[in-house]
Student: 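Take a look at the following structure, please.
Values reported hereafter were calculated over all heavy atoms of this structure, with side chains retained and with hydrogens, waters and symmetry mates removed. FYI, the numbering just counts along the sequence from 1. The structure displayed is predicted, hence computed values, not measured ones.
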Amino acid sequence: MLKRYFYKLENIIAWSQSILTPKQFIFLSSILVGITSGFAVIILKTFAHLVYSFATYINGILKLSFINSLLPMIGIVLTVFVVKRVLGGTIEKGTSQILHAVAKKASIIPQKQMYAQILTSSLTVGLGGSAGLESPIVITGAAFGSNYAQRYTLSYSDRTLLIGCGVAAGISAAFNAPIAGVLFAIEVLLVDVSISAFTPIMIAAAAGTLVSLIALDESVLLSFKRQENFNYHFIPYYIFLGILTGFISIYYARNFQRVEHFFAHLRFSPYKKALIGASILAAIIFIFPSLFGEGYESIKILSENPSRLLENTLFSTYRNNDWILLIFIGFTMMLKVFATGITLGSGGNGGNFAPSLFLGSYAGYFFSKFLNLTGLTKLPISNFTMVGMAGILSGLFHAPLTSIFLIAEITGGYDLMIPLMIVTSISFAISKRFEKHSMDVKPLVKKGNVFTTNKDTNILSTLNPNSLIQTDFLTISPDENLEKLVDLISHSNQVIFAVVNKEMHLLGIVHFNNIREIIFNSFRVKHTLVKEIMTPTIDVIYSADSMETIMNKFEKARVTFLPVLKNGKYYGFISKATTLEAYRAKLRFMTIE
């Protein structure tokens with residue numbers, strides 16, 4: 001029955017494609033992708049919230065704090081089981097795969113990602129794994145956009161645009177923050193789009209938000225209504241908070257990478273690795289229960305009644321002691337990276353978006369509460385808690401605009417705009433100084449697939465150098481006289497010749513422009529050897545060089561042709577003109593309008 005319904009829907013969409021203009025069909029498609037992504041958010045968020053509520057209810061009835069430790073163990077092991085038995089043994093994690101798909105795979109995202117992320121992250125995070133649902137939401141939305149575009153045979157640029165629509169809708173629905181969703185899609189993923197591309201992305205974000213508003217319980221979402229008025233006298237403290245969140249972002253990024261690296265190199269079966277990681281995570285959550293799950297409930301408690309964080313913990317008798325509570329929050333803040341790294345490294349699925357907000361809220365609270373307890377000042381703790389979230393988000397993802405507007409939207413106003421700008425810009429600057437790449441880009445860099453906000457670099461990375469090498473160029477021996485060279489010139493279109501020995505080792509090159517005067521002198525042509533007039537090769541290209549390296553060598557050498565070596569021997573030439581033409585063709589292909 002359901003299959004028949006989808007078949008009819010597909011027929012209607014196909015019919016609409018035949019009667020609408022391409023731009024009109026993109027607008028319709030952005031709505032459909034936005035709605036679909038919104039429903040994916042509802043499934044994920046609702047399940048995660050129900051499990052958290054169940055665990056809280058059990059703890060309240062039985063007073064058994066180990067329940068919160070047991071559930072994440074079950075979730076991680078079940079995730080590994082699903083990956084092995086249902087998903088073919090592998091699953092790609094993190095939004096970096098979207099960047100890779102856009103840059104390297106013509107915006108083609110596997111069909112299984114439309115359900116794989118929902119299934120696995122529901123088990124991991126829903127059962128208490130210390131990670132976020134936003135990354136799986138973003139990947140799912142991107143997969144909907146990509147596969148929808150493939151189904152209706154849309155172009156690369158339209159596929160990429162619909163990926164952005166799915167991403168924007170997912171973030172928008174997850175936070176009821178359409179502006180932040182649009183900015184995230186453009187600032188983090190689609191780093192270079194034309195103004196006209198904004199419209200479909202905004203439509204998708206609005207559609208996703210509308211679905212979330214209608215169908216999702218607001219208590220499931222992260223939102224704040226309690227904040228104090230901005231006081232410009234506190235600007236110096238916001239500057240210090242920006243510095244603090246910048247360095248905490250670096251601390252998180254580097255330690256997360258270390259934890260992932262540790263688990264990646266464990267020589268155990270996936271199940272043993274899951275049990276080891278889950279056991280360590282269980283012990284951490286037993287002592288620090290606020291590390292359970294996404295952490296949004298803990299953020300709400302922190303902003304409303306922080307002493308509740310010590311309930312049902314080993315420190316519950318000290319819940320009215322502000323200093324003990326502050327120390328507890330400090331340790332929780334510093335351990336979050338290890339809880340998230342263990343969750344994902346041992347086999348769970350999730351992301352770092354929610355952990356960054358968790359960490360930021362704890363950092364902002366710790367900073368302001370510490371200064372208040374010392375009597376140095378009286379800072380508005382709720383404001384610093386919220387602004388701290390933007391600081392860590394900006395530092396980790398190198399996305400200051402997304403961070404500013406996300407916090408502005410979930411707090412219900414823009415009164416904190418100035419401190420948000422201050423903290424996010426400082427945090428971003430510090431993080432960028434010590435960590436060149438964001439959390440999204442770092443996994444690609446480790447694999448040698450650099451994806452940056454530099455459009456030239458991205459386009460060059462998609463070109464295949466081997467397809468540009470001209471291997472049919474005629475060569476000449478160094479002991480030949482110029483009569484042989486003149487004969488080659490007169491019977492070919494070449495202007496440059498490689499001088500090689502019998503073993504095809506490159507000895508030098510001869511360019512027609514450099515020997516014009518000689519070749520019209522018959523005496524010199526007859527009695528001059530090639531080796532006497534060849535130019536030694538200073539700049540060469542190796543077959544393993546990237547396109548960015550090749551273009552840098554062209555710029556440095558200031559020549560139009562460069563010889564290519566493969567396994568130490570002459571292989572052919574690359575023309576700068578051919579390379580630039582390939583770049584221009586790819587640029588036209590990748591432009592999102």
Side-chain angles (χ1 to χ4, degrees), residues 26-27 29-45 95 98-99 102 117-118 132-146 148 160-193 195-216 218 220-224 294 296 351-354 356-357 389-390 393-394 396-414 420 424 438-440 592:
I26 287 296
F27 289 160
S29 302
S30 65
I31 295 172
L32 296 175
V33 170
I35 291 172
T36 309
S37 300
F39 279 113
V41 170
I42 291 171
I43 294 171
L44 274 169
K45 287 285 188 180
T95 52
I98 304 175
L99 298 173
V102 171
Q117 298 292 330
I118 294 177
L133 291 172
E134 285 72 28
S135 178
I137 285 170
V138 163
I139 297 168
T140 302
F144 284 148
S146 174
Y148 175 96
T160 306
L161 181 56
L162 289 181
I163 284 176
C165 289
V167 168
I171 292 294
S172 300
F175 294 100
N176 275 346
I179 297 176
V182 172
L183 289 174
F184 182 84
I186 294 170
E187 189 176 28
V188 177
L189 297 174
L190 307 181
V191 295
D192 193 275
V193 296
I195 296 298
S196 60
F198 274 73
T199 306
I201 293 175
M202 288 190 291
I203 291 172
T209 305
L210 189 59
V211 169
S212 177
L213 283 171
I214 294 172
L216 190 60
E218 189 178 352
V220 175
L221 301 174
L222 179 64
S223 61
F224 299 93
E294 280 187 294
Y296 289 159
N352 284 289
F353 200 98
S356 70
L357 297 177
M389 289 192 286
L393 188 63
S394 176
L396 278 181
F397 292 93
H398 294 183
L401 288 176
T402 300
S403 308
I404 291 169
F405 284 93
L406 176 65
I407 303 306
E409 286 185 280
I410 66 176
T411 56
Y414 292 86
L420 284 171
T424 55
S438 69
M439 289 286 288
D440 290 310
I592 305 171

Student: Is there a side-chain contact between Met202 and Ser30 in this structure, where contact means two heavy atoms from C-beta onward sitting under 4.5 Å apart?
Tutor: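 A side-chain contact is absent here, since even the closest heavy-atom pair is not under 4.5 Å.
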Student: Measure the shortest side-chain to side-chain distance between Phe397 and Asn352 over non-hydrogen atoms and say whether it is less than 4.5 angstrom.
Tutor: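 SC-SC contact between Phe397 and Asn352 confirmed.
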Student: Which value, rounded to the nearest 0.5 Å, describes the distance between Leu210 atom CG and Asn176 atom CG?
Tutor: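 Answer rounded to 0.5 Å: 10.0 Å.
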Student: Identify the two heavy atoms, one from Ala390 and one from Ser403, that lie closest to each other, and give their separation to 0.1 Å.
Tutor: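 Nearest heavy atoms, Ala390 then Ser403: O-CB, 3.4 Å.
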Student: Report the C-alpha separation of Ser37 and Val33 in whole Å, then their side-chain angles, then the decisive distance to 0.1 Å, and conclude whether the side-chain contact (heavy atoms from CB on, under 4.5 Å) test is met.
Tutor: CA-CA 6 Å; Ser37 300; Val33 170; 4.2 Å; yes
Student: So, taking the atom named OG1 in Thr209 and the one named CD in Glu409, what distance separates them when rounded to the nearest 0.5 Å?
Tutor: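 It comes to 8.0 Å.
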Student: Determine yes or no for a side-chain-to-main-chain donor-acceptor pair under 3.5 angstrom, with Thr424 supplying the side chain and Leu420 the backbone.
Tutor: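 Yes; judged by distance alone, with no hydrogens or angles, the pair exists.
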Student: Indicate yes or no for a side-chain donor-acceptor contact from Ser135 to the backbone of Gly351 under 3.5 Å, with no hydrogens or angles considered.
Tutor: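 Between the backbone of Gly351 and the side chain of Ser135 there is no qualifying donor-acceptor contact (under 3.5 Å).
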Student: Taking side-chain contact (heavy atoms from CB on, under 4.5 Å) as the criterion, tell me which of Ile137, Thr140, Ile118 meets it with Ile43.
Tutor: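 By the side-chain contact (heavy atoms from CB on, under 4.5 Å) criterion, Ile43 pairs with just one of Ile137, Thr140, Ile118: Ile118.
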Student: I need the minimum non-hydrogen distance between Phe405 and Ala180, along with the two atoms involved.
Tutor: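 Residues Phe405 and Ala180, closest heavy atoms: C-CB, 4.2 Å.
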Student: For Ala354 and Gly132, work out which heavy atoms get closest and say how close.
Tutor: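 Result for this residue pair: CB-CA, 3.5 Å.
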Student: Calculate, to the nearest 0.5 Å, the distance between atoms NZ and OH belonging to Lys45 and Tyr296 respectively.
Tutor: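 Nearest 0.5 Å value for the NZ-OH distance: 4.5 Å.
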Student: Keeping Ser212 on the side-chain end and Ala173 on the backbone end, is there a donor-acceptor pair under 3.5 Å?
Tutor: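 Side chain of Ser212 to backbone of Ala173, a donor-acceptor pair under 3.5 Å: yes, one is there.
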Student: Roughly how far, to the nearest 0.5 Å, is the CD1 atom of Ile203 from the SG atom of Cys165?
Tutor: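 Here the interatomic distance stands at 8.0 Å.
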Student: Could you grab the distance from atom CD1 of Ile171 to atom CG of Leu183, nearest 0.5 Å is fine?
Tutor: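 Answer for the CD1-CG pair, Ile171 versus Leu183, is 11.5 Å.
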Student: Report yes if the distance between the aromatic ring centroids of Phe184 and Phe353 is under 6.0 Å, otherwise no.
Tutor: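 Centroid distance Phe184-Phe353: below 6.0 Å, so yes.
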Student: Which heavy atom of Val182 sits nearest a heavy atom of Ala205, and at what distance?
Tutor: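 In this case the closest contact between Val182 and Ala205 is CG2-CB, 3.7 Å.
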Student: For the residue pair Gly181 and Ser172, what are the closest heavy atoms and their distance?
Tutor: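 Closest heavy-atom pair between Gly181 and Ser172: CA-OG, 3.4 Å.
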Student: Under a 3.5 Å distance rule, please check whether Ser146 uses its side chain to pair with a backbone N or O of Ala142 as donor and acceptor.
Tutor: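 No, the answer is negative, given that no donor and acceptor are paired below the 3.5 Å cut-off.
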Student: Please walk me through it: do Ile407 and Ile410 pass side-chain contact (heavy atoms from CB on, under 4.5 Å)?
Tutor: CA-CA 5 Å; Ile407 303 306; Ile410 66 176; 3.9 Å; yes
Student: Return the CD1 to OG1 distance between Ile179 and Thr402, rounded to the nearest 0.5 Å.
Tutor: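 Atom-to-atom, Ile179:CD1 and Thr402:OG1 are 11.5 Å apart.
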